[in-house]
Amino acid sequence: MAKVFVDGIPVDVPNNSSVLQACEVAGKEIPRFCYHEKLSVAGNCRMCMVEITGARKPLVSSCSHPVMDGMHVTTDSETIRAARRSTMEFLLINHPLDCPICDQGGECDLQDQALGYGHDCSRFKEDKRAVVDKYMGPLVRTVMTRCIQCTRCVRFVNEIAGTAELGGIYRGTNLEITPFIEQGLVSELSGNLIDVCPVGALTSKPTAFHFRSWELKNTDAIDVLDAVGNNIVLQTRGNEIMRILPRKNDDVNEDWLADKGRFSLDGLKRRRLDRPWIKKAGKLVEASWAEASQFIADKLKAVSGDRLGAIAGDLCDAESMAALKHLMNALGSTNVDCRQDGAYYDVSKRGHYVFNTSIAGIDQADALLVVGSFPRHEAPVLNARIRKRWLSLTEQFPIAYIGELPDDPNYKVDLLGQDPALIEQLLNDQHPFAEVLKSAKRPMIILGHGALTRVDSKLIYAKTMALAGQVGAISEDWNGFNILHQAASRVAGLDLGFIPDAQSKDALSMIKGGVDALWLLGADEIDISKLDPECFVIYQGHHGEKAAARADVILPGAAYTEKSASYMNTEGRLQRSFRAICPPGEAKEEWVGIQKVAEQLAVDLPYHDLQSLQDYMVKINPVFAQVGLQHNAMDISIANAAEGKFENQGLKSNISDYFLTNVISRASLTMNECSKVRYASSAEAAE
C-alpha cells in the first residue's frame with residue numbers, strides 16, 4: 001500500500017493505483033471523459049489534470065499517473081481550474097452544442113462538466129467540423145459530430161466485447177471514430193457502447209427522443225432472458241418500461257448487460273395476454289377469472305392425480321413454480337417438470353447442477369474446458385468474463401472446446417473436435433489437453449445444454465464430472481465443475497423439486513399422451529405438435545404464442561417487469577426482483593392465479609402474500625432463505641459408475657438465433673430486426 005496525501009488528506013491505496021483513484025478514495029471529484037474504471041487507460045482527454053508536488057510537469061493527467069508513497073496531490077487550484085477550462089474550450093470547438101434537442105439530454109457528461117468549466121461564449125470563429133454519421137445496426141444510433149474521440153467505445157469493443165469493430169481513421173482534427181466496415185455491429189454487448197459514451201455520439205436507436213431521463217422512475221430488477229441473472233434497472237414512465245440499464249454488480253455482470261436483455265423491452269408490450277379465455281365449441285371466448293377458475297376446477301376434478309401434469313417455462317419465477325407444484329401435489333400428481341428441453345441433471349447434490357466456480361471465480365481459473373456449450377450466445381456477459389481472464393493471462397489461460405463453434409468465441413480457443421468421445425480420451429490421458437488441465441492450479445470445466453439435451457447426456461454428464469475430479473478441478477478450496485444454464489427459471493425449479501421422480505412422467509412423456517390434463521406455466525418452447533389432441537391444456541403466461549393457441553383455458557400472467565419475485569441464476573445465487581409496472585388488463589402474478597384455481601378446488605395453499613409464500617419456499621429448501629451465493633456440496637463418486645456408448649453425433653450448440661430465444665424477444669420488433677441484420681449478413685459472408 002502507498003500513503004498518498006490528496007489536498008492534505010492522507011489515504012492508503014494499492015501500489016498500482018492511479019492518482020485519480022487515490023483522489024476518489026479521498027473523496028475528491030475529478031472531471032474526466034476518457035477514463036472508465038473497467039477499460040484500459042487512454043489519457044487523451046486531459047480533463048483530469050492535477051498538480052503533484054515535485055513532478056517535472058506542472059500538471060499531470062491523474063488517470064495515467066501512478067501513485068508513489070508519500071506523494072502530495074493538489075486537485076483544486078487556480079492553475080488547475082484554468083487548465084480544465086482551456087481543455088473544455090478545446091473540446092467544445094467542434095461539438096455541435098445541440099443540448100436543447102439532444103437525445104442524450106440530462107445524461108451527458110460533457111454537458112454537466114461544461115456547466116462547471118465552460119465559458120459563456122466561444123472564441124472559435126471558424127466553422128464547426130461535421131462528421132458523417134456511421135451505420136452500426138438497429139440498436140446503436142450515431143451522431144458522430146458530437147464525438148470527442150475519448151475512445152471509450154473503441155476500447156470497449158476491443159477489450160470487453162472482443163469484436164474489434166471500431167477504430168479511428170485520419171489524424172489530428174480530422175480523426176473520426178468509425179466501424180471498420182459498413183454493417184451492423186455483431187457483438188451481443190453492443191448496447192453497452194451507449195452507456196460508456198460520455199457525450200451522446202452513440203445513443204439508443206430504438207428509444208431516441210422518446211423520453212428525458214428526469215421523467216423516469218427506477219426499479220431494481222433481474223434480467224431473465226438468460227440464466228446469468230444480470231442486475232438491471234427498469235426505468236419507467238407511467239405504466240410503461242422506457243429503458244432497461246445494467247445495475248453494477250461486480251460478482252455477476254460488473255457494469256454490462258447483453259443486448260437481448262436491454263433491447264427486448266418493446267416485446268413486453270406486444271402479443272400480451274390481458275384477460276382469461278375459455279375454449280367453447282372449439283373457439284376461445286373471453287371470460288372472467290371466476291369463470292376460468294371454475295372451468296379449470298370442474299375439469300381437474302374429473303382427472304385422477306396420475307393423469308395430471310405441469311410443465312414450467314424458462315422465464316418463470318420461483319414463487320409461481322412453488323405454488324403450482326404445491327397445487328399439483330395436493331391433487332395427487334407428481335408429474336411436474338421444469339425442463340422443457342428434457343435436459344439431464346443429477347440432482348442428488350446441489351453442486352451437481354450449478355455453476356460452482358461462480359462468475360467472479362472465473363477470474364481465478366487458469367485453464368478451461370468447454371463441453372457442448374457456446375457461452376457467447378448462451379451467456380454473453382459471462383463470456384466477457386472469460387475473455388477478461390484470457391486477456392489477463394494471454395497464453396497462460398488455455399481454453400479448449402469440445403463441440404460446435406457457430407461463431408468466433410472472442411478469445412483464442414483450441415477446438416478439440418465435436419466428438420463426445422474426446423471426453424473419454426481426456427479421462428484416459430490420451431489427449432494432450434488432459435495434461436494442461438492437470439498442470440493447472442485452478443482448472444474449470446463448463447458443461448452446456450448442447451450436451452445435456454442429447455440421448456447420451458447422462459453418460460456425457462458423468463464422464464465430464466469424472467474428468468473434473470481426475471484433473472483436480474474439485475477440491476476443498478476450489479470447484480471447477482460448472483453447468484451453464486440457459487433458462488432463468490431452471491436452477492430454482494430444480495431447487496424446488498419441480499422435476500419428476502422415478503415413478504412420475506417427465507415433460508416429453510406428458511406431451512406424448514401421458515396425462516389427460518396439462519398445466520403449461522409459461523411453457524412456450526415445447527413442441528405443441530406432439531401434444532395429445534384429447535389432452536385438456538391450461539396455459540398460464542404473459543405472451544400469446546403457439547402454446548396459448550392450443551390451450552383450452554388461458555390465464556393471463558405477469559412478465560418479469562410486472563411482479564416482485566425470486567430468481568436463482570446459473571451459479572445458484574438467489575436474487576430478488578421488484579415490480580416496476582402493473583400487468584396489463586386482468587393479468588395477474590402467476591402464483592395469485594394458481595391460488596384462485598386452488599380455492600375452486602378446495603385446496604388450501606397456506607400463503608396469501610409474497611412474504612408468506614417465500615417463507616413456504618424456505619421450508620421446501622433452505623437455499624431460499626439466503627440471498628446471494630451459497631456453497632454447494634458435491635459427490636463425484638457417482639461419476640465412477642458411468643458406462644455406455646456415446647451417440648454417433650457431434651456436440652452442437654442448441655441456440656440457432658441469439659435474438660429470438662424466448663417469447664418476449666420473439667415479440668420484439670427490435671430483436672426481429674437484429675436477427676435479420678445479423679444472420680442475413682452471416683449468410684452472405686458464408687456464401
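At least one side-chain heavy atom of Met88 sits under 4.5 Å from a side-chain heavy atom of Leu110. Put simply, the side chain of Leu382 reaches to within 4.5 Å of the side chain of Phe355, judged on heavy atoms. Looking only at side-chain heavy atoms (C-beta outward), Leu139 and Leu185 stay at 4.5 Å or farther from each other. Using a 4.5 Å heavy-atom cutoff, the side chains of Lys388 and Leu391 are not in contact. The shortest side-chain heavy-atom distance between Val623 and Met568 falls under the 4.5 Å cut-off.
Judged purely by atom type and a 3.5 angstrom limit, Asp366 uses its side chain to pair as donor or acceptor with the backbone of Lys441. In this structure a side-chain-to-backbone donor-acceptor pair under 3.5 Å is present from Arg146 to Gly200. Formation of a donor-acceptor pair under 3.5 Å by the Thr357 side chain with backbone atoms of Asn479 is found in this model. Between the side chain of Asp255 and the main chain of Pro246, no donor-acceptor pair closer than 3.5 Å is present. Side chain of Asp363 to backbone of Arg389: no donor-acceptor contact under 3.5 angstrom is found. Between the side chain of Thr142 and the backbone N or O of Met144, no donor-acceptor pair lies under 3.5 Å. No donor-acceptor distance shorter than 3.5 angstrom exists from the side chain of Thr570 to the backbone of Gln486, with no hydrogens or angles considered. For the pair Ser17 (side chain) and Ala22 (backbone), a donor-acceptor distance under 3.5 Å is absent.
Residues forming a ring-ring contact (aromatic ring centres under 6.0 Å, His included) with His65 (at least two apart in sequence, or on another chain): none. Here Arg237 pairs with Glu215 under the side chain to side chain donor-acceptor pair (under 3.5 Å) rule; sequence neighbours left out. Partners of Phe124 by ring-ring contact (aromatic ring centres under 6.0 Å, His included), not counting sequence neighbours: none found. Taking the ring-ring contact (aromatic ring centres under 6.0 Å, His included) definition, one finds that Phe156 meets it with Trp256, sequence neighbours left out.
For the pair Glu435 and Lys438, the salt-bridge criterion is not met [side-chain N within less than 4.0 Å of a carboxylate O]. Electrostatic pairing of Arg385 and Asp251 does not count as a salt bridge here, judged by no charged N lying under 4.0 Å from a carboxylate O. Taking 4.0 Å as the cut-off between side-chain N and carboxylate O, Asp195 and Arg262 count as a salt-bridged pair. Looking at Glu37 and Arg32, no side-chain N of the basic residue comes within less than 4.0 Å of a carboxylate O on the acidic one, giving no salt bridge.
For Ser187 and Glu165, the side-chain atoms include no donor-acceptor pair closer than 3.5 Å. With 3.5 Å as the limit, one finds no donor-acceptor pair spanning the side chains of Glu176 and Thr178.
Contacts classified as side-chain hydrogen bond (donor to acceptor under 3.5 Å, both in side chains) and involving residues 105-122 (residues at least two apart or in different chains) are given here: Glu107-Arg243.
Counting heavy atoms of neighbouring residues, nucleotides and ligands inside a 6.0 Å radius, atom CZ of Phe209 exceeds 12 of them. The environment of Lys3 atom NZ is dense: over 12 non-hydrogen atoms of other residues, nucleotides or ligands sit within 6.0 angstrom. At most 12 heavy atoms of other shown residues, nucleotides or ligands fall within 6.0 angstrom of atom CG in Leu115.
In terms of heavy-atom proximity, Asn410 sits nearest to Gly162 at OD1-O, 3.4 Å.
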Checklist entry - Can Arg678 and Asp259 be said to form a salt bridge (Lys or Arg N to Asp or Glu O under 4.0 Å), step by step? => result CA-CA 13 Å; Arg678 172 69 174 279; Asp259 287 349; over 6 Å; no
Using a 3.5 Å cut-off and no angle test, enumerate the donor-acceptor pairs between side-chain atoms of residues 573-581 and protein atoms at least two apart in sequence or in another chain.
unit_1	atom_1	unit_2	atom_2	d
Arg573	NE	Glu571	OE1	2.9
Arg573	NH2	Glu571	OE2	3.4
Gln575	OE1	Asn231	ND2	2.9
Gln575	NE2	Gly229	O	3.0
Arg576	NH1	Ser566	OG	2.3
Ser577	OG	Ile222	N	3.1
Arg579	NE	Glu562	O	3.1

